[in-house]
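The next block holds one structure in the form of structure tokens; read it before the comments.
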Amino acid sequence: MRRASALAFVVMVVAAPWLVAAAVPRQQRYVLHVLIFTVLFAALALSYDLVVGHVGSLSLAHPAFFGVGAYAAAILATRARWPFLADLLAAVLAAAVVAALVGVPLFRLTEHAFAVGTLGLALVASIVANNWVEVTRGPLCITGIPKPVLGLPGGPTLAVTTLPGYYWLALAALAAVVLLYRRLTTFRLGRAFHAVRDNEPLAGAAGIDPLKYRLLAFTIGAALAGGVGALYVHYLSVMCPEEMTVALTVNLLVIVFLGGVGSLRGVLVGAVLFTALPEVLRLAPTWRLVIYGGLLLLVVVRSPEGIESLLRRASGARAGR
Amino acid sequence: MALLEVRGLVKRFLGVTAVDQVDLAVEPGELVSLIGPNGSGKTTLFNCVTGYLAADHGRVLFRGRDLTHVAPHRVARLGVARTFQQVSVFPRLSALENLLVFLQQHQEEHTLARLIRTPRLRRLEVEAVERARRLLDLVGLTDKADAAAGSLSYGQRKLLAFAAALMPDPDLLLLDEPAAAVNPTMINQMKSHILALHRQGKTVLLVEHNMEVVMDISQRVVVLDHGQKIAEGSPDAIRRDARVIEAYFGR
């Protein structure tokens, strides 16, 4: 029964473009656009949760890695005319390399000092994006980033030009992130991550090198964020410095902490709610931000551990009956 | 050769000498207790031996190998297990997982290869689960296997931490106050667990305040006061030692 409903859910998510076309034909483009953003944000939030939720390091540097990937892809696709899959891979690697390099000194800091250090990195990255005009074009933005063309050298190619096509591409990326997230956060790797998160000195006594596991989660999280950055710029076809400001960190914090830190379901629910909700609220433009703020407060007050804990309590109550 | 040898160990904190020129040797199979008034440097000595603190002077040798500047996780993998005075478990992992995590790094450590769950890795995991269940049985936590460690009582967490230290079958076991703040039944349980380990030939170094436990089970007792070793000998000799009596009761 649970399998059947899970299958139905997946079918619905995959068929969303057709459902949208049938349900709201006049707003189809807009709704699909929101859905694409939601899917990309879900992937980005999961990559962030690997760090904050599973090794318990409150990094505020995620926009920097998203930005490194986004700019790497944007520059390689426009100036060097690299094919999509190649610049996507380069974006992932560039973000990972930067994270590994800055991670070593950053993880010498603990807790709040680490958070402040990573915030510093995010600010520096944002300043570089604005001022290193030769490379990033600064506030003029990198424009004309081509639509992604899937395919390997010599083989057949598939250009992703339509909104549904792009939705499915984003969905495939999210599926890959979910798969990797589950592999990393369960079994032996997950246990080692959680040991470091819950009690670092004791993790040492268990033979776990806390720095190594923290750095691993940080680097993989950054690599995935870089990949999402690449997908993002190929979708929008422009990359501007504003895309990687601290506002992005705030969004991610809201999604992860109000959704359910350290939980796949919680983060996914958080991404859907807090990306789609502000859009849905456009129906009441004057009150939009007030209602959004009120809802945030409501979640914080009623369920400080996130929506995931509400869901768990609800399913627990049902099972208990 | 001694299994553990501490030579002229000195550790200072901002001018306070917490451990002052301490020599200590533990032979294979011995059960030695380290006692002394509060603040006499017992836990600091433990922390220097297991890599949590860097000694200012002196050396720590385990099987003749210098441990003085080795990180905690490496000391653990060399076969030195320790427990902590403040009961220490991973609160959000289940009791069973608390034990599993103590063995996995000893079985293999192919960090990223763990993404692929090879048959070999699955077999090691099955072995680890079997061992963990046996140890949970031993300490009487069989029915708590799937409970979050944070939800267990203080005494149960203490037993869990003890069982976790045993998971990798360590050569040397450092126990920091295993009988502190638990009820008399639990103290007797702990005592018999430690004695059983001793009979199996395990080497145990114990920090403990409960004199009854110390005098009952130790082969040899080492006494610290103000960071210095003031006496060493059989429990009977220590009980009559004038300097020890003075350190505990004053002149």
Side-chain angles (χ1 to χ4, degrees), chain A residues 50 52-56 96 100 107-108 110 176-221 223-224 260-263 266 305-306 308-309 312 316, chain B residues 46-47 50-53 70-84 86-94 96-117 121-122 124-125 128 148-150 160-161 164-165 167-168 170 173-174 176:
Chain A
L50 285 175
V52 292
H54 292 281
V55 290
F107 277 113
R108 297 185 74 95
T110 53
V177 170
V178 166
L179 223 65
L180 189 62
Y181 178 97
R182 289 194 45 139
R183 281 273 147 153
L184 283 164
T185 58
T186 52
F187 202 54
R188 296 192 161 199
L189 268 176
R191 225 180 269 144
F193 284 140
H194 298 157
V196 171
R197 174 192 68 192
D198 284 0
N199 190 334
E200 185 169 327
L202 190 63
I208 296 165
D209 180 357
L211 178 65
K212 179 173 156 186
Y213 281 89
R214 286 223 152 98
L215 208 50
L216 185 69
F218 188 66
T219 306
I220 294 175
L224 295 177
V261 64
S263 142
E305 282 159 55
E308 165 64 16
S309 71
R312 212 178 312 138
Chain B
F46 259 31
N47 285 337
T50 48
Y52 285 86
L53 289 171
V70 177
H73 66 276
R74 298 209 179 280
V75 174
R77 281 190 231 160
L78 289 171
V80 181
R82 71 165 294 178
T83 62
F84 292 82
Q86 262 70 42
V87 260
S88 225
V89 293
F90 301 113
R92 285 193 270 177
L93 299 187
S94 72
L96 183 69
E97 287 175 312
N98 261 272
L99 298 197
L100 294 177
V101 83
F102 268 81
L103 184 55
Q104 61 181 32
Q105 306 300 111
H106 293 263
Q107 284 184 325
E108 49 80 37
E109 225 249 335
H110 319 292
T111 313
L112 272 183
R114 285 177 176 171
L115 285 173
I116 302 147
R117 290 162 198 182
L121 210 55
R122 287 175 189 279
L124 289 175
E125 182 73 2
L160 184 64
M167 266 308 272
L173 194 60
L174 304 176
D176 201 348

For [X] against [Y], the heavy-atom pair lying closest together:
X         : Y         : answer
Phe84(B)  : Pro201(A) : CZ-O, 3.9 Å
Leu189(A) : Arg114(B) : CG-CB, 3.8 Å
Ser88(B)  : Asn199(A) : OG-ND2, 3.0 Å
Ala205(A) : Ala76(B)  : O-CB, 3.3 Å

Rounded distance [0.5 Å steps], [atom1] in [X] versus [atom2] in [Y]:
X         : Y         : atom1 : atom2 : answer
His194(A) : Arg92(B)  : NE2   : CZ    : 8.0 Å
Asn98(B)  : Leu202(A) : CG    : CG    : 7.5 Å
Gln105(B) : Tyr213(A) : CD    : OH    : 4.0 Å
Arg117(B) : Thr186(A) : CZ    : OG1   : 4.0 Å

Do Leu124(B) and Arg188(A) come close enough that some side-chain heavy atom pair is under 4.5 Å? yes
Going through the distances and angles, do Ile220(A) and Leu112(B) end up as a side chain to side chain contact (heavy atoms under 4.5 Å, CB included)? CA-CA 11 Å; Ile220(A) 294 175; Leu112(B) 272 183; 4.1 Å; yes
Which one, Val80(B), Thr50(B), Thr111(B), leads in non-hydrogen pairs under 4.5 Å with chain A? Thr111(B)
Under 4.5 Å from any heavy atom of chain A, what part of [X] do you find: side chain, backbone, both or neither?
X         : value
Gln107(B) : side chain
Ile116(B) : backbone
Ala128(B) : side chain

Looking at Leu115(B), is its backbone amide N or carbonyl O close enough to the side chain of Arg183(A) to form a donor-acceptor pair, meaning the two atoms are under 3.5 Å apart? yes
For Lys212(A) and His73(B), what are the C-alpha separation, side-chain angles and deciding distance, and is it a side chain to side chain contact (heavy atoms under 4.5 Å, CB included)? CA-CA 11 Å; Lys212(A) 179 173 156 186; His73(B) 66 276; over 6 Å; no
